[in-house]
Every structure is written in C-alpha cells, then in structure tokens.
Amino acid sequence: MHDPVVVVAPRLLVALDLDGTTVNHSGELSPAVAAAVTDVVSSGHLLIISTGRSVVATMPLVRALGLGAGYAVCSNGAVTIRLAPGTTS
C-alpha cells in the first residue's frame, strides 16, 4: 500500500496596479474584480497593491477590496506600508 501523494500549490505573490487596472478609469471597482481579489487572497496567495497613488488615496480601495493584511507600495514606489489586520477599517 502506498501513501497518498499530496500536491501543494506554490504560494504566489500577485501585485496589482489600481488605476485603469483594478479600478476602471472612472474609479469604479467591478464586482468581478473584487471577487477575483478575494479568491486570490483566500487561496493563500500574497496580494500586494502597487500604485502611484498616495497612501491616503490608496486606503479606500484597500478597504473596498477587503485587504486586511499584506503590503501596499504607494507613491510610485516611494512608500511601502504593511497592512495589519484591524487597522485598515
């Protein structure tokens, strides 16, 4: 008798731009994109926001996406913030 083979999918780092990518040019977040972000995070992957926006302009979308942990690279790479659970609301 053989032991079962367990295949573990690799944990990926997924970086998302915001304007014109995660949200459209009108600043709207589609339900399909929000669901895809939720799926990526719930699958155990690390999702990072990478944007030219300031931290203040980034945080409303971090909240809208339901991101409570991870990182956001803001201000065209000049600022990196750690999203700690309970601090984005």
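Values in this document were obtained by computation on a predicted structure and should not be read as measured data.
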Can I get a per-line list of side-chain donor-acceptor pairs under 3.5 Å for residues 27-35, giving both atom names and the distance, sequence neighbours left out?
| from | atom 1 | to | atom 2 | distance (Å) |
| --- | --- | --- | --- | --- |
| E28 | OE1 | N24 | ND2 | 2.9 |
| S30 | OG | V33 | N | 3.1 |

> Can you name the residues that form a salt bridge (Lys or Arg N to Asp or Glu O under 4.0 Å) with D19, not counting sequence neighbours?
Replying inline: R53

> Roughly how far, to the nearest 0.5 Å, is the CE atom of M59 from the CG atom of L83?
Replying inline: 5.5 Å

> Do you know the tightest heavy-atom contact between L46 and G70?
Replying inline: CD1-CA, 4.2 Å

>> I'd like to know if L16 and L13 are part of one continuous hydrophobic network [Ile/Leu/Val/Met/Phe/Trp/Tyr, side-chain heavy atoms within less than 4.5 Å].
In response: no

> Roughly how far, to the nearest 0.5 Å, is the CD1 atom of I81 from the OG1 atom of T58?
Replying inline: 6.5 Å

>> Hydrophobic cluster membership, with links at side-chain heavy-atom distances under 4.5 Å among I/L/V/M/F/W/Y: are I49 and V73 in one?
In response: no

>> Same cluster or not: Y71 versus V14, using hydrophobic residues (I, L, V, M, F, W, Y) connected whenever any side-chain heavy atoms lie under 4.5 Å apart?
In response: no

>> Using modelled atom types and a 3.5 Å cut-off, is there a donor and acceptor pairing between side-chain atoms of T21 and backbone atoms of L18?
In response: no

> How far apart are the C-alpha atoms of L61 and T22, what are their side-chain angles, what is the distance that settles it, and do they pass the side chain to side chain contact (heavy atoms under 4.5 Å, CB included) test?
Replying inline: CA-CA 9 Å; L61 279 169; T22 304; over 6 Å; no

>> With side chain to side chain contact (heavy atoms under 4.5 Å, CB included) as the criterion, how do L67 and V37 come out once you've worked through the C-alpha distance, each side chain's angles and the decisive distance to 0.1 Å?
In response: CA-CA 9 Å; L67 300 176; V37 167; 4.1 Å; yes

> What are the two closest non-hydrogen atoms of S54 and S75, and how far apart are they?
Replying inline: CA-OG, 3.7 Å

